**Student:** 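Once you've had a glance at the structure underneath, I'll fire off some questions.
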Amino acid sequence: MRDTAAARPAPRSSVEWPTWLVIFLVHAAWLALLAAYQTLGPVLAAPLLVVALTWHGSMSHEIVHGHPTRVTWFNDLLAQWPVALLTPYFLFKENHLMHHHNERLTLPGIDPESFFIRPAAWRQKGRLGRALAWANMTMAGRLALDPARAVWHLLRHIGRGVRERDHARSARFLIHCALATAVVMSAERWFAVPPAHYLVIAYLSHSLLWLRAFFEHRPHPDAAKRSVIVESNWLFQILFLNNNFHAVHHIHPQMPWYQLKSEYHRHRARYLQENGHFAYRGYRDWMKYLCKPVAAPWHPHPPE
């Protein structure tokens, strides 16, 4: 994506207090809701835990991009505890940093976060495969299917590590599985949260996190016009740590979350011009895609 003269990010602070506050609040909310699970009852506590685990996903995304300190190993340590279960942090970090090669955005087989398919692969799919691909391009299908896809990818990565005898990588997956199991067992033992409840909560939190990413990127010949802006409301801005201003984030991936909103509004006209006015007023605008595909599953400009 082309750089823009509009964006002059402020120098990073050596101590990012807003990010430290989010890290504290995310874990405090998680523990407090676990402790109150039986008192509040599942009908109230479970949805609140879904929000807390979604917030944890947004926090992990911020840590991937080098916050809150300039010490990478220390930052990574802050996100290792897999309270949302489904995706190992190290795998998310690998894939997400690859995703940030803006010239590769949405390209199937190259962008690891692309939901598009090469036309050749589409032609080889059977009836069920095509039906699932179409469903995945609707909001209802994406939110329902993507957590299961995350589990499938995890199992596939574990299997590949075993087949290729990549012992170090296999060990990291096993550590993640052990920690995720410890999270579920601890929730049951110390807070009487049934494992089935926690698994459903984790599944739904993954769905809510991917609401933000449903149409985050579109295929376009100009890489600068592939990333969306969703202006949204303050609640989603906090939940997603301003990553709804996604085009700004892709131009300045190291900009801390608490600068993205002001950066966007200072240069709103230029950012919208830069991304081809690929923008929405809020996530409710995507409700028209609840059961209607947002795009065809095959990529219109596939890589050679």
Side-chain angles (χ1 to χ4, degrees), residues 1 4 6-7 9 18-19 21-23 25-26 29 47-65 67 84 96 99-100 102 105-106 113 115 137-144 146-147 204-218 220 224-295:
M1 186 176 290
T4 173
T19 305
L21 179 62
V22 166
I23 292 170
L25 290 176
V26 164
L48 293 174
L49 269 170
V50 168
V51 173
L53 266 60
T54 303
W55 207 18
H56 183 275
S58 298
M59 177 206 79
S60 298
H61 172 265
E62 190 70 8
I63 289 173
V64 160
H65 286 287
H67 309 283
H96 191 68
H99 164 75
H100 266 272
N102 292 320
L105 285 174
T106 74
E113 295 186 10
F115 288 98
M137 302 308 289
T138 68
M139 182 184 288
R142 181 76 56 82
L143 270 57
D146 198 74
L204 294 176
S205 74
H206 191 99
S207 293
L208 181 56
L209 187 63
W210 279 99
L211 167 65
R212 190 208 77 218
F214 169 64
F215 197 34
E216 231 170 30
H217 301 287
R218 63 177 176 178
H220 195 284
K225 295 177 171 60
R226 294 177 189 169
S227 298
V228 76
I229 293 288
V230 182
E231 294 185 335
S232 194
N233 56 46
W234 66 269
L235 182 61
F236 281 116
Q237 290 172 20
I238 293 172
L239 181 63
F240 297 145
L241 296 183
N242 288 330
N243 206 19
N244 50 294
F245 302 108
H246 206 61
V248 183
H249 170 63
H250 266 266
I251 292 173
H252 300 294
Q254 271 71 52
M255 183 180 288
W257 67 272
Y258 49 87
Q259 292 179 2
L260 289 172
K261 180 178 180 178
S262 59
E263 170 63 31
Y264 169 68
H265 284 292
R266 276 198 304 269
H267 308 289
R268 182 176 182 271
R270 291 193 186 181
Y271 277 115
L272 292 175
Q273 182 180 15
E274 182 78 8
N275 88 332
H277 292 270
F278 179 31
Y280 294 87
R281 295 296 300 273
Y283 291 103
R284 66 180 178 275
D285 290 351
W286 287 355
M287 289 302 294
K288 59 188 175 184
Y289 302 120
L290 184 65
C291 298
K292 172 186 173 182
V294 69

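If you're wondering where the values come from, they're calculated on a predicted model, not measured in any experiment.
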**Student:** Once you round to the nearest 0.5 Å, how far does NZ of K261 lie from CZ of R266?
**Tutor:** 13.0 Å

**Student:** Quick check: closest heavy atoms across G141 and T138, and the distance to 0.1 Å?
**Tutor:** N-OG1, 3.0 Å

**Student:** Are the side chains of Y264 and L272 in touch, meaning some heavy atoms are under 4.5 Å apart?
**Tutor:** yes

**Student:** Any idea which heavy atoms bring N244 and F236 closest together, and the distance?
**Tutor:** OD1-O, 4.5 Å

**Student:** Does any part of the side chain of L241, heavy atoms only, come nearer than 4.5 Å to the side chain of W55, both counted from C-beta?
**Tutor:** yes

**Student:** Provide the closest heavy-atom pair for L105 versus S227 in the form atom of the first, atom of the second, distance.
**Tutor:** CD1-OG, 3.5 Å

**Student:** Carefully, step by step, assess V230 and W286 under the rule side-chain contact (heavy atoms from CB on, under 4.5 Å).
**Tutor:** CA-CA 10 Å; V230 182; W286 287 355; 3.8 Å; yes

**Student:** CD/E113 to OG1/T106 distance, rounded to the nearest 0.5 angstrom?
**Tutor:** 12.0 Å

**Student:** Is there a side-chain contact between H252 and Q259 (heavy atoms, below 4.5 Å)?
**Tutor:** no

**Student:** One pair to check against side-chain contact (heavy atoms from CB on, under 4.5 Å): Y271 and E263. What are the steps and the verdict?
**Tutor:** CA-CA 10 Å; Y271 277 115; E263 170 63 31; 2.7 Å; yes

**Student:** Out of curiosity, L209 CG to L204 CG, how far, rounded to the nearest 0.5 Å?
**Tutor:** 12.5 Å

**Student:** For N242 and L260, which heavy atoms make the closest approach, and how far apart are they?
**Tutor:** O-CD1, 3.7 Å

**Student:** Do the side chain of S207 and the main chain of A144 share a donor and acceptor less than 3.5 angstrom apart?
**Tutor:** no

**Student:** Does the side-chain contact (heavy atoms from CB on, under 4.5 Å) test come out yes or no for E274 and H267, once each step is laid out?
**Tutor:** CA-CA 11 Å; E274 182 78 8; H267 308 289; over 6 Å; no

**Student:** F278 versus H220: any side-chain heavy-atom pair under 4.5 Å?
**Tutor:** no

**Student:** State, without any angle test, whether H249 and H100 hold a side-chain donor-acceptor pair at a distance under 3.5 Å.
**Tutor:** yes

**Student:** Tell me, please, which residues at least two apart from E216 pass salt bridge (charged side-chain N to carboxylate O under 4.0 Å, His left out).
**Tutor:** R212

**Student:** Just verifying a value: how many Å separate L49 CG and T54 OG1, rounded to the nearest 0.5 Å?
**Tutor:** 10.0 Å

**Student:** Test N275 against H250 for side-chain contact (heavy atoms from CB on, under 4.5 Å), laying out the working first.
**Tutor:** CA-CA 11 Å; N275 88 332; H250 266 266; over 6 Å; no

**Student:** Quick check against the 3.5 Å criterion: does H265 have a side-chain atom that pairs as donor or acceptor with the backbone of S262?
**Tutor:** no

**Student:** Is the shortest side-chain heavy-atom distance between T19 and W257 below 4.5 Å?
**Tutor:** yes

**Student:** Describe, in one word, how the ring planes of F240 and Y283 are oriented to each other, choosing from parallel (under 30°), tilted (30 to 60°) and perpendicular (over 60°).
**Tutor:** perpendicular

**Student:** Hey, could you give me the CH2/CG distance between W210 and L208, rounded to the nearest 0.5 Å?
**Tutor:** 13.0 Å

**Student:** Can you find a pair of side-chain heavy atoms, one from V228 and one from R218, that are under 4.5 Å apart?
**Tutor:** no

**Student:** Quick check: closest heavy atoms across F214 and M137, and the distance to 0.1 Å?
**Tutor:** CZ-O, 3.6 Å

**Student:** For the atom pair CE (M59) and CG (L25), what is the distance rounded to the nearest 0.5 Å?
**Tutor:** 11.5 Å

**Student:** Determine whether a donor-acceptor pair (N or O, by modelled atom type, separation under 3.5 Å) exists between the side chain of S58 and the backbone of L239.
**Tutor:** yes

**Student:** Testing the basics here: between E231 and R268, what is the closest heavy-atom pair and its distance to 0.1 Å?
**Tutor:** OE2-NE, 2.7 Å

